[in-house]
Every structure is written in C-alpha cells, then in structure tokens.
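Heads up, the thing below is written out as structure tokens.
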Amino acid sequence: MMKRVSTKQVMLYLGGFLVCRISWMGCFPLIPAYFTAACLADAAFGMISTVIMAGIVLFVPVTAAIKYFMALMVILVTMKLFEWAEGRCTVVCAATAAAIATFMMSMTSVLFAASNPIKWYTAVLEAIFVFSVIMLGTRMMDSFLQFSLVPEKEEAGNYQETRLANYADSFNGLSRIFSQMSSVQKEFSSDQMDRMRSELTGSLCVNCNQCTLCWQREESPMSSYLAYMLQSLQRIGEPDHEIVVQMQEYCPYTDAVIQEAVRIFEKARLNLAWYNRLLENREIIAQQLDAMAYIMEDCVSEVVEVTHEMRKQLSDVKFRAKERGVIVQSPHLYEDKDERWEYTCDAYAKGTGCISMRELTRAVSAGLGRNMCPHRDERTMISPQGATVRFEEDTHFHETHAVARRVKDGDTVSGDNYSFFSMDHGQMVMMLSDGMGSGSRACKESELVLELLEKFLEAGFTKETALKMMNSAMVIRGEDDLYSTVDICSLDLYTGVCEFYKIGAAATFIIHADGVECMEACSLPVGVSHRMEIKNTKKQLKDGEFLVMVTDGVLECLQTKDAEAAMCEVLKQSSSRHPGQMADAILDALLEQTGGRAGDDMTILVCGLWRK
C-alpha cells in the first residue's frame, strides 16, 4: 500500500516538473492549473510547490517566470482565505481565482518591460484554459490519488468469517445433542412402577411373618393388588377403595402397606418432577445454543463489503465532501441481504471550525447515487479532530407514535409497560406488556419482560429467538403466578410491512382509509411453559394508516361480549390524524362508557405511518 502511494506521488511530482516545459503562444497555462488542482487534491503541498518552482526556474523565461510566481502566490493566498473564512475552498472558487490571477498577471506584463507583451485576447484565452483545466483536472487528479483495497484485507475478512461459521456449526451440534436427550416424562413407566413395588415389599413384607404365604404361593393376589394400588395413586392420587377392601381381606397390615405406598409414590413423583425440570432446563440450554449459533451465522451472511467494486463512487464521495470542507478517509461500503447500502468513513473538518453533518450527508448521497442518512446515534457536527461516522440508506416511510394511559382505580402504579425503539435496517419496534394483576408487582414483572426483549433485540437476535430467550429466562426464574403478556409490532420503514407477535396479548387494530382491521391471536403468556408457541402475522401498511395497540383493560371496559367489534366502532369515529390526539380521544371515549372509572390498567399505543 505504501509503495503504491509513493509511486503515485512521484508521478505527481514528475508531472508538475514537466508541465513547466509546455508553452502556448508564449504562455505556460498548465503551471497555475496544475498547481491549483494539486492543492485541491490534497497532494503534498510543500513538495509539489518545490517541484513546480524548480521547473519554472529551469524552463520558463525570466519575465514569464516572475508572472507565474506572482500568480501562484495570489492563488495560494486566495485559497487560504476561502478556507479561513468558510472552512473550505470549492473547485469553482479556486478555478475562478486562478483564472483571474493569471489574467491579471498577463495584463500587467508590460510593467516588467517585456519585449513582446501578451495580447489581451491571449490573456483571456489563457484564463479560460486555466479555469477549464482546473475544473476537469481536479477530479481526475483526485481519482488518481485514491487508494484501493488490497487482497490481504479481503483474505483476513474471509478467515474471520470462516471461524465464525465453524463456531456456529459447533453450537448447532451441541444444541442437537441436548435436544436429542430424553424428553419430559408425564407418567411413570412400567419399570419405575416395578421398582416402587419392589421397594415397598422390601421395606415391609420381608419382615412380615406372613411373607411366605403372600409371595411364595402361586395363587397369591398380593402382586396384583400392589400394582393396582400404585396405578390408582398415579391416576387419581389415592388408593382405589375396592383394592383396599380386597387387600384387607388378605393382608392384616393393609393400613401400613397403604401408608408406605403413598410415601414411596410421593417420593418418586417428587423425583420425577425434578427430573422433568432438569430436562426442561436442558431444552432451554439447547434453545440458547441455537440462538448463539444464529447470531454467528447472521454475522457471516448479513452484510457484504463492496468497497472495491464501488471505488469510483467512493472517489466521487470524497471529492464532493472535500468541496464542502470535509476530509474523508478510510471509506467502506457494505451491502446487506436486501441490497441496501451502509457507508462508513473517518471524517475531518478542514480548518478550525466544525461542519454540519448535513453537508457530508449531501456529499455521500450524491456520490453514491442513493438517498443516505446518518445513523440514528450519529453526531450532528464534524470537528477538525475527526471521528468515524456511519450512514445508512434512507427509509421510504417515517412514523410518529404516542401513548395514552390510565391506572386502575385505587392503584398508584400501572401494571402495563410499553416500549418504542428503533433498530438497524429501518426497523421500528413497538412493544406492550401487561403484567398479571395490577400494582407494583405486575409493573415490575412486565418491565422485566420488556427489558429482556429490548436487550435481546439490540444484541441482534430475531424476534422469535428473543421471545424464546426471554421466556426461558422467565421459566428459569420460577416464580409462581407471575406471568405477562407480550404484544410486539415490528414496522419496516423501507417497505411499510408490519409484523405482529402476540403472546397472550389483546387484539391490535389497523385503521385503513376504508375501515378498521382487527388482529387477534390466542396463546399463553410468557413464563407459563418452556415450550412457547410463537406465531407471527404480516400486514402491508400504506401511507396515512394507523396502528392501535391496547391492553386487556381497554377492551374489558367496553363491557360487551364482542369487545373487539365494539373497539372497531370506537376507532371508526376517531377523526384525528395526530397519534397523540388520537390516543387521548380513544381513551376519553372509552372512559365515557364507564362513567370515568377504570376497572383495570388501560394503555393505548398509536402509531401513524407516512411516506416521505
């Protein structure tokens, strides 16, 4: 890399030296043109000045040499003044300054007692030529000095991707091993029943003086009685009355046998519960290993670097940014699976002042030929100290959201919690969770659910995987009667497609131009079982349509069997096009039907979508 850049610099210096030999009608117009273009292209100023000065001394007549020395000084001072005043010097400004300086020096050549002064029309043509060469040559020189990626970096990237892919395969293998282990057992097997019967007879019958009569005679029914009794304990939780009566006729110690059988069975049932819990945890670990494998595979396949293929566009970005007073270095361009671009670079403001990020955004968009915008967490100003900045392809839609809430009468804290947050790739996620019950306990539960989901989604997990991971964490937590509903709407601001995930949640409503659509789903809340059924539904939203998410308390206040249909009628009557006003109007309309009373926590989320 360093060798290639050094070669280009040597060629640039050689060109500056040789242009001093090219004359036209007694003029040397390439000298100011080449000098100005080299300065605009950020070539090594000291070296290029020295080389051109040496060429002027060696090849240019004395009178013309004085003229061009003066012209170069004027050009340099003018460019520095522009940079000092505005933080930048555009190509047009520099070319104009060079043309005017060259023209003025030509017209004053008579002051140097030239034997053959330049004609005025020659001076005009020279100025036009200088202006044209700078306008064309600056872009060419800038492109010439641009770097290109070396194969070694690509090979290093491929090596890292291969390692990640191998790790993902290992995690997938571990997940399959855990998943193939024994499944959860709901009832005792025949072998387990035989072991319980053997333990029962070993603790009581061995020391009984009638053991021989009961167990060594072929016609003895004791074996059948004990088997039936254990089966009844498993089936109904207590010994069958008929079996007890029959045993009492045959065994004088029936009460002791029943008491011992119940003790042994309860112990076995407790062991089975712990064994099943161990298997459940094993399945949870398998799910988490799958999630880790997915993240690694996603890191490998999510984006592809196309910097080398798009080096012409990147060179254009750098030139346009320089025109706006921003120095761009180390640019990288990535393309995701949806063919959307992401651009990163190190940006520095020229001079001592700061440059607005809007200026660089315009340069990036124009150079790449796509509407680009800074990342949502990006800074608004570019300083001379510089920083790494990140741009992504701009979305086609924008959204506005709002919330309206009412706490249950008699409580001070709502058990409902909600979240709005933006993700990469133009995803806007709305989440609503209703903790079982009300008050601070329900609030903490629903808050924990949303916090876990946010962390998993921000880490890069898919919605399905995040829900499974969060449910696994809640199951392992193991607190009884602490369950929460989860309602997720993920809106793609590139396409307008909305994806719904509902885990025990109330219906969601879409307000179209011609009516209201209701989205319902039936499933258990999170934390109930380690095996959670996750279904998603996709809907295409259009310009000016609204999403309305509610909790159970909103629908229950309607006091009707078909609460969803009644809610649709309420939404049809809403005339506001502002999400905040719409949410407040819906809440007020519902409270009017209850006389202002809230029997449960009520939360309404409204999101409006508009095309840019």
Side-chain angles (χ1 to χ4, degrees), residues 397 399-405 416-421 423 427-434 446 449-450 453 457 462-464 466-467 470-471 484-526 532-558 560-574 577 579 582-583 585-587 589-590 600-610:
F397 294 89
E399 57 81 28
T400 305
H401 54 262
V403 60
R405 310 179 74 189
D416 300 341
N417 273 288
Y418 65 93
S419 175
F420 295 96
F421 68 99
M423 298 174 56
Q427 297 289 321
M428 202 286 293
V429 180
M430 300 177 292
M431 298 192 298
L432 185 58
S433 180
D434 182 3
S446 59
V449 167
L450 293 187
L453 281 174
L457 291 175
T462 62
K463 281 80 176 179
E464 294 89 346
L467 283 168
M470 180 272 303
N471 185 69
S484 296
T485 65
V486 174
D487 197 355
I488 300 178
C489 288
S490 178
L491 182 58
D492 189 334
L493 297 178
Y494 286 105
T495 62
V497 174
C498 190
E499 201 167 10
F500 300 90
Y501 296 86
K502 290 185 169 294
I503 311 299
T508 295
F509 303 89
I510 304 176
I511 303 178
H512 302 287
D514 55 352
V516 179
E517 183 180 1
C518 178
M519 305 289 301
E520 296 183 75
C522 297
S523 60
L524 293 174
V526 298
M532 183 174 60
E533 182 180 3
I534 300 176
K535 294 183 179 179
N536 68 320
T537 305
K538 293 184 178 181
K539 290 291 181 180
Q540 176 69 56
L541 270 64
K542 299 179 181 178
D543 180 40
E545 295 185 337
F546 291 85
L547 281 172
V548 180
M549 301 170 63
V550 299
T551 53
D552 289 338
V554 173
L555 299 179
E556 289 172 359
C557 76
L558 293 169
T560 178
K561 291 184 179 179
D562 195 354
E564 287 77 13
M567 186 66 182
C568 289
E569 294 299 322
V570 172
L571 296 178
K572 289 178 182 178
Q573 298 173 6
S574 176
R577 306 301 294 171
M582 181 183 292
I586 294 171
L587 183 59
L590 295 173
D600 194 4
D601 298 320
M602 303 170 65
T603 302
I604 302 172
L605 306 185
V606 179
C607 176
L609 184 70
W610 290 274

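As a basis for the values below, the full set of heavy atoms in this structure was taken, side chains included, without hydrogen atoms, waters or symmetry mates. Predicted model, so just to flag it, every value in this text is computed and none were measured.
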Does the side chain of [X] reach to within under 4.5 Å of the side chain of [Y], using non-hydrogen atoms?
X	Y	value
Asp601	Thr551	no
Leu450	Phe421	no
Ile510	Leu547	yes
Leu590	Ile604	yes
Gln427	Lys463	yes

Can you give me the closest heavy-atom contact between [X] and [Y], atom names plus distance?
X	Y	result
Leu432	Tyr418	CD1-CB, 3.8 Å
Asn536	Lys538	ND2-CE, 4.2 Å
Ala404	Leu587	CB-CD2, 4.0 Å
Cys518	Phe509	SG-CE2, 3.7 Å
Met428	Cys607	CE-SG, 3.9 Å
Asp487	Ala505	CB-CB, 3.6 Å

Measure the [atom1]-[atom2] distance between [X] and [Y] for me, rounded to the nearest 0.5 Å.
X	Y	atom1	atom2	result
Ile488	Glu499	CD1	CD	10.0 Å
Asp552	Thr485	CG	OG1	6.0 Å
Leu541	His512	CG	NE2	7.0 Å
His401	Met430	NE2	CE	9.0 Å
Met423	Leu491	CE	CG	12.5 Å
Met431	Phe420	CE	CZ	10.5 Å

Donor-acceptor contact below 3.5 Å, side chain Glu464 vs main chain Tyr501: no

Under 3.5 Å donor-acceptor, Arg577 side chain and Gly608 backbone: no

I'd like a table of donor-acceptor pairs (distance under 3.5 Å, sequence neighbours excluded) in which one partner is a side-chain atom from residues 566-573, with atom names and distances.
none

Worked verdict on Asp416 versus Thr603 for side-chain hydrogen bond (donor to acceptor under 3.5 Å, both in side chains): CA-CA 7 Å; Asp416 300 341; Thr603 302; 3.1 Å; yes

side-chain contact (heavy atoms from CB on, under 4.5 Å), paired with Val550, selected from Leu555, Ile586, Val606: Leu555

Ring geometry between Trp610 and Phe546 (parallel below 30°, tilted from 30 to 60°, perpendicular above 60°): perpendicular

